[in-house]
Amino acid sequence: MHRRTHTREALLTAALLRMESGESFDAISLRSVARAAGVVPTAFYRHFASMDELGLALVEESFRALRAMLREARSLDVAPEQMVRRSVEILIDHVREHRQHFAFLARVRATSSVVLRHAIRSEIRLFTSELATDLARFPVLREWSTEDLQMLAGLMVNTMIATVEAMLDVPTVAAPQVEGEIARTAEKQLRLMLLAVPAWRSS
């Protein structure tokens with residue numbers, strides 16, 4: 001790995017680790033991140049103009065994982081009745097694999113940084129729109145208005161966010177059993193939403 005790229009990744013990882021240890025993003029200083037990454041503060045400025053800019057890079061990285069998850073779910077070749085379960089499994093797996101990034105997003109939603117809060121809201125809107133586009137491919141939803149597709153996608157994304165937050169609250173020692181319960185709850189919630197689909201008349 002190129003040294004410049006390595007330093008950038010070290011700075012991002014250092015910020016994630018400090019947040020994982022319980023610090024809020026607002027409490028993390030540029031100097032502490034540089035020190036944890038093993039570089040001097042001037043090296044920080046070669047990669048990021050401020051902590052907000054570093055935070056934006058982490059938001060982008062975190063949602064890249066979410067978009068990868070959506071692409072994986074989109075490529076599923078399973079029966080419709082199995083799609084909800086498989087989609088929840090994919091979500092649970094992604095939270096396990098990218099726990100630090102999901103924890104960062106959950107914590108930084110409450111940051112005092114308007115820039116980061118706006119970036120997260122924008123990414124959630126984009127993610128919702130991509131899901132709405134995917135939903136429009138299903139025959140039963142082809143007559144739905146764009147507004148109603150966005151509404152259904154929004155309900156699903158909110159369920160996913162709640163599922164992620166529940167996953168992050170699980171102690172590691174109790175993870176397998178509790179994660180199973182969280183997955184079953186998410187699956188039931190999504191199925192309940194989909195039960196209403198055939199009866200809905202999109203205006």
Side-chain angles (χ1 to χ4, degrees), residues 1 4-30 32-39 44 47-75 86-131 134 153-154 156-172 174-176 178-179 182-183 186:
M1 183 184 291
R4 183 176 175 83
T5 304
H6 177 77
T7 301
R8 185 179 189 277
E9 290 303 314
L11 290 165
L12 293 172
T13 301
L16 288 174
L17 288 172
R18 294 193 74 84
M19 290 189 72
E20 190 177 33
S21 69
E23 289 186 68
S24 68
F25 188 80
D26 296 332
I28 301 173
S29 70
L30 182 156
S32 69
V33 169
R35 186 166 55 248
V39 299
F44 179 100
H47 301 273
F48 306 105
S50 64
M51 281 298 295
D52 271 357
E53 191 171 298
L54 179 145
L56 288 173
L58 285 173
V59 169
E60 184 181 345
E61 271 195 8
S62 301
F63 274 94
R64 192 180 304 134
L66 275 173
R67 285 193 290 272
M69 182 195 73
L70 186 64
R71 282 195 297 273
E72 186 175 345
R74 185 189 300 147
S75 66
R86 188 70 191 101
S87 296
V88 171
E89 289 173 352
I90 290 172
L91 175 61
I92 298 294
D93 286 345
H94 267 71
V95 176
R96 286 197 200 104
E97 292 171 16
H98 304 279
R99 189 179 182 90
Q100 286 183 337
H101 283 88
F102 281 107
F104 163 76
L105 290 176
R107 284 172 175 268
V108 88
R109 286 176 75 190
T111 181
S112 64
S113 170
V114 176
V115 173
L116 294 186
R117 291 203 311 273
H118 177 75
I120 289 174
R121 284 198 299 272
S122 296
E123 289 284 1
I124 289 174
R125 282 196 297 270
L126 177 60
F127 187 66
T128 302
S129 294
E130 289 182 8
L131 179 56
D134 286 341
M156 290 180 161
V157 169
N158 286 339
T159 297
M160 291 164 65
I161 290 171
T163 301
V164 169
E165 290 177 342
M167 284 273 293
L168 295 174
D169 286 338
V170 177
T172 308
V178 181
E179 283 177 4
I182 292 169

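Note that the numbering runs from 1 along the sequence shown for the chain.
Each of Glu61, Arg64, His94 was scored for a side-chain hydrogen bond (donor to acceptor under 3.5 Å, both in side chains) with His101, with one residue passing: Glu61. The only member of Thr159, Thr163, Ile182 that meets side chain to side chain contact (heavy atoms under 4.5 Å, CB included) when paired with Leu91 is Thr163.
Using a distance-only test at 3.5 Å, with no hydrogens or angles considered, a donor-acceptor pair links the side chain of Thr13 to the main chain of Glu9.
Note that the CG atom of Leu12 and the OG1 atom of Thr7 stand 11.0 Å from one another [nearest 0.5 Å]. Between the CD1 atom of Ile28 and the CG atom of Leu17 there is a distance of 10.0 Å, given to the nearest 0.5 Å. The distance from the CG atom of Leu16 to the NE2 atom of His98 is 12.0 Å, given to the nearest 0.5 Å. Of the inter-residue distances, the one linking Leu105 atom CG with Ile120 atom CD1 reads 5.5 Å to the nearest 0.5 angstrom. Considering CG of Leu54 and CE of Met51, their distance stands at 5.0 Å, rounded to 0.5 Å. Note that CG of Asp134 and CE of Met156 are 10.5 Å apart. Values are rounded to the nearest 0.5 Å.
Residues Arg96 and Met167 share a closest heavy-atom pair of CG-CE, 4.3 Å. Minimum heavy-atom separation, Leu168 to Ala103: CD1-CA, 3.7 Å. Scanning both residues, Leu116 and Gly55, for their nearest heavy atoms gives CD2-C, 3.5 Å. Considering all non-hydrogen atoms of both residues, Ala183 and Val88 come closest at O-CG1, 3.6 Å. Residue Arg18 comes nearest to Glu23 through the heavy atom pair NH2-OE2, 2.9 Å, listed as atom of the first residue, atom of the second, then distance. Among all heavy-atom pairs drawn from Ser112 and Asp26, the shortest one is N-OD2, 2.9 Å.
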side-chain contact (heavy atoms from CB on, under 4.5 Å) evaluation trace for Ile124 with Thr128: CA-CA 6 Å; Ile124 289 174; Thr128 302; 4.1 Å; yes

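Using cut-offs of 30° and 60° on the angle between ring planes, the pair Phe44 and Phe48 is tilted.
Between Leu126 and Glu130, the closest side-chain pair of non-hydrogen atoms falls below 4.5 Å.
Salt-bridge check for Arg67 with Glu123: passed, with a basic side-chain N closer than 4.0 Å to an acidic carboxylate O.
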